[in-house]
Amino acid sequence: ANQQRINDPMHAPITTCALVLGVALGSADGMSRVAHARSSRVLARARALPRMEATANKNVDQTLETSRDKIMTFVYDEDEAAAAAAAERKPARAGTGNGMAGGGDGNDEYDVIVIGSGVGGLACAALTAKYGDRVLCVESHIKPGGSAHTFTRKHEGGEYSFEVGPSIFEGLNEPSINPLRMIIDILGEDLPSTTYKGIGYWTPEGYWRFPIGSQEDFERTLREQCGADGELAISQWRALRDRLKTLSGSTKAVSLLNLRQDVGFLATTAGSLPYVLRHPDIFGDLTMLFDSLHKVVDEYVTVPFLRNFIDTMCIFCGFPAKGAMTAHMLYILERFFDPEAAFTVPLGGTCGIADALVRGLEKFGGKLELNAHVEKVLVENGRAVGIELRNGKQVKAKKAVVANLTPFDVAKLLRQTPEERAAAPLPQPVADWVSQFAKLPRHGAIMHLFVAIDAEGLDLSHIPDAAQLVVQDWTRSLQDSQNLCSFFIPSLVDPSVCPPGKHVIHVYSSGGEPYEPWEGLADGSEEYEAYKAERAEVLWRAVERAIPDVRKRAEFHVIGSPLAHEAFLRRDRGTYGMAWAAGSAAPYSGLLQYALPFPFPDMKTPLPGLLRCGDSCFPGIGTPSAAASGAIASATIQPVDKHMAMLKEAAKSHEVYRFLDPGLLGDAYGAVLGGFTPTDELRGEDPAAAASASETAMDSSSL
């Protein structure tokens, strides 16, 4: 998205004509015919593609006329030959790097290799380095950070910085229960930032503002927006908070950073025992924690305004309340109404998050290699032992390879050619896992619009907040990329991101843009530019709600399509992420699937030595969640005593972090369980020696 050529605003002939036609008809029926014509073009474009299958047609069909009560997911069920052919057709993108760097002299060996420098991968790599392991993090792009990176454009002597991904962060400005902030503090780094205290909403009913940091102010907003139902909305909101109080309170009793995927978690989470003893009802709510939030919302909330608000709070994880884990709402319920709560803008751009993590990685001896594209995970004797880069160099890992990738991109690294399969086939359980992983449901892609505007004489006092959310129609799906979008104006609170007298704006759709109509379009072609302008029209109109003359003020703009999103963020088909709706257990979710509706595949994989982290792992989509997954993966590789020591160190660093300490009970459990952690395949030992060590540990300790 960040290297698309600057577009002239006149590149919107198709959509502009359609809108004019709709207005000329002077009726809702006219506009609906325009929408139908646009939908027909989308479907016709998709069905004209040579590789289109029935499954892919369903992907497009569901986006044409969406409804609020149906959730959307996208599935691709293609064989390996078709997948390889599709990969070959991906257009090369200037500015993303050729992936040919990395690997040193090809003789290096590390304890742990992390693939991908998204926030999850960087968190995993940096913490693993702090634990004392030799760590290499390899990144295909020329910039670290994944979705959390910033790009710049020079225009008439001035420099403009744009975000490419997440913009709404809470609790990064100071120590808080946000796991990303915890990780930055554990690494001894800082994140210079500023704050703002709300989100602007632009809905069919008009503008309103969600104030953060005050329950009283939020309830005042409910009275103002719900009219005669104001008091009912307040009582229902309070009832919902009360129902989830025990679960939301647990966010201050145990952190995601206390978790690990082995028996050692009994020791590292032991500090939560006092809370559990005071709230034994939490055991009865564990299923609800991972279940779809809409079930409890339906039980307590009827006021439309409040239901709409809850859906929009969930949508950043990919789903509205229907499909989102109840766990996603707990942080909001517990934290967003604390007086100290505030949304954070890293000074200079979101890249500040990645920079802090990279500093932590390198401070503890870890290494980051950019423009180093991984072609495959090396497998020897049924175990992941390293990586092969695009330049042909191989790098080995003694303990683990951690893939900070979507499931679909992980699967690519393990696909075998017929010759490879004949010579050394993957173990059948691993081959089956690769096949199923490639076919997991996913969210759609995202549209982006980056705009630099002249702010001379522009009064924005009516929008005090950097983040704004826009909904066109409450009856349509909030996953619909032509219905819901957000725009972010960081220059409102951080003037350093553009020249004086200017503003920068990032507008982005929800993750429901179908990929098929874009596939095969050539970068820079007339058809491609026209289709970009057509699909970005809704993004322009969203900003016009707040800045009516934004197009006249535009100094330049850049449109980012799903093809650009795919190329720059290294995500198959530009997907927003995996989309297993809460309510049932995901495939390969381990033992938890027999007790809970756990909607994530295991962080560990059927291939020994290969772990995953990122937004396709628990706790899911979102920058803090991705960071937490990286911390969990890192801890899982370590002996429990090292994990405990890091938690205790963090607990002493600030009053807010005291709850991280597992306490004396954790020490006792740790002494008993230490011999079982990490699991054998992550110890970096010869398999026979690892088995012997495991047997010795079994003889000398007891569960």
Check the side chains of [Y] and [X] for a donor-acceptor pair under 3.5 angstrom, ignoring hydrogens and angles.
X	Y	value
Tyr201	Thr312	yes
Thr246	Asp281	yes
Thr251	Glu334	no
Thr128	Ser634	yes
Ser176	Asn178	no
Glu205	Thr203	yes
Arg68	Asn483	no
Gln468	Arg545	no

Nearest heavy atoms of [X] and [Y], plus distance in Å:
X	Y	answer
Ala126	Gly360	CB-C, 4.2 Å
Pro599	Ala582	CB-CA, 4.2 Å
Ser509	Cys485	CA-CB, 3.9 Å
Ser625	Gly620	CB-O, 3.2 Å
Thr150	Ser161	CG2-CB, 3.8 Å
Pro407	Phe437	CB-CD2, 3.5 Å

Output yes when a side-chain donor or acceptor of [X] lies under 3.5 Å from a complementary backbone atom of [Y], and no otherwise.
X	Y	value
Ser616	Thr406	no
His643	Ile637	no
Ser510	Gln479	yes
Thr677	Val640	yes
Trp580	Ser584	yes
Asn173	Thr344	no
Arg571	His565	no

Side chains of [X] and [Y]: does their closest heavy-atom pair fall under 4.5 Å?
X	Y	value
Ile183	Leu357	yes
Ile353	Leu180	yes
Glu513	Ile446	no
Ser255	Ile177	no
Asp285	Leu244	no
Leu660	Lys652	no
Ser248	Met329	no
Asp602	Arg612	no

Practice item. Decide yes or no on salt bridge (charged side-chain N to carboxylate O under 4.0 Å, His left out) for Glu224 and Arg209, but give the supporting numbers first. Key: CA-CA 11 Å; Glu224 293 171 353; Arg209 180 174 182 266; over 6 Å; no

Enter the distance from [X]:[atom1] to [Y]:[atom2] here, rounded to the nearest 0.5 Å.
X	Y	atom1	atom2	value
Phe598	Phe600	CZ	CZ	6.5 Å
Leu240	Ile310	CG	CD1	5.0 Å
Leu273	Tyr669	CG	OH	7.0 Å
Lys295	Thr287	NZ	OG1	9.5 Å

Practice item. Go through Glu170 and Tyr331 one step at a time and tell me if the side chain to side chain donor-acceptor pair (under 3.5 Å) criterion holds. Key: CA-CA 10 Å; Glu170 195 287 320; Tyr331 185 93; 2.5 Å; yes

Plane angle bin for [Y] and [X] - parallel if under 30°, tilted between 30 and 60°, otherwise perpendicular:
X	Y	value
Trp202	Tyr207	tilted
His448	Tyr508	tilted
Phe337	Phe218	tilted

Review point. Within a radius of less than 6.0 Å around CG of Leu664, do more than 12 heavy atoms belonging to other residues, nucleotides or ligands occur?
Key: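 Count not over threshold, so no.
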
Review point. Is it true that atom CZ of Phe408 has more than 12 heavy atoms of other residues, nucleotides or ligands lying nearer than 6.0 Å?
Key: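 It does: Phe408 CZ has more than 12 such atoms within range.
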
Check your understanding: Step by step, would you call Arg220 with Glu216 a salt bridge (charged side-chain N to carboxylate O under 4.0 Å, His left out)?
Key -> CA-CA 6 Å; Arg220 184 181 300 114; Glu216 182 180 345; 3.3 Å; yes

With a 4.0 Å cut-off, would you call [X] and [Y] a salt bridge?
X	Y	value
Glu299	Arg243	no
Asp229	Arg223	no
Asp185	Arg181	yes

Exercise for review: Check the pair Phe305 / Trp208 against ring pair (Phe, Tyr, Trp, His ring centres under 6.0 Å), numbers first and verdict last.
Suggested key: CA-CA 11 Å; Phe305 178 88; Trp208 66 279; 4.7 Å; yes

Exercise for review: Would you check, one step at a time, whether the test ring pair (Phe, Tyr, Trp, His ring centres under 6.0 Å) holds for Phe319 with His443?
Suggested key: CA-CA 9 Å; Phe319 290 110; His443 295 291; 4.7 Å; yes

Check your understanding: Could you go step by step and tell me if Arg260 and Gln638 meet the side chain to side chain donor-acceptor pair (under 3.5 Å) rule?
Key -> CA-CA 9 Å; Arg260 54 187 293 128; Gln638 307 303 319; over 6 Å; no

Practice item. Please test Arg442 against Asp572 for salt bridge (charged side-chain N to carboxylate O under 4.0 Å, His left out), starting from the C-alpha separation and ending with a verdict. Key: CA-CA 10 Å; Arg442 66 180 76 187; Asp572 185 70; 2.7 Å; yes

Practice item. Would you sort out whether Lys197 and Asp217 count as a salt bridge (charged side-chain N to carboxylate O under 4.0 Å, His left out), showing the intermediate values? Key: CA-CA 11 Å; Lys197 296 285 285 188; Asp217 287 349; over 6 Å; no

**Study point:** Phe343 vs Phe488, ring pair (Phe, Tyr, Trp, His ring centres under 6.0 Å): CA-CA, chis, key distance, verdict
**Key:** CA-CA 12 Å; Phe343 294 117; Phe488 183 58; over 10 Å; no

Practice item. From the options Val345, Ile505, Val497, Thr350, select the one residue that forms a side chain to side chain contact (heavy atoms under 4.5 Å, CB included) with Glu163. Key: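 The single option meeting the side chain to side chain contact (heavy atoms under 4.5 Å, CB included) with Glu163 is Thr350.
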
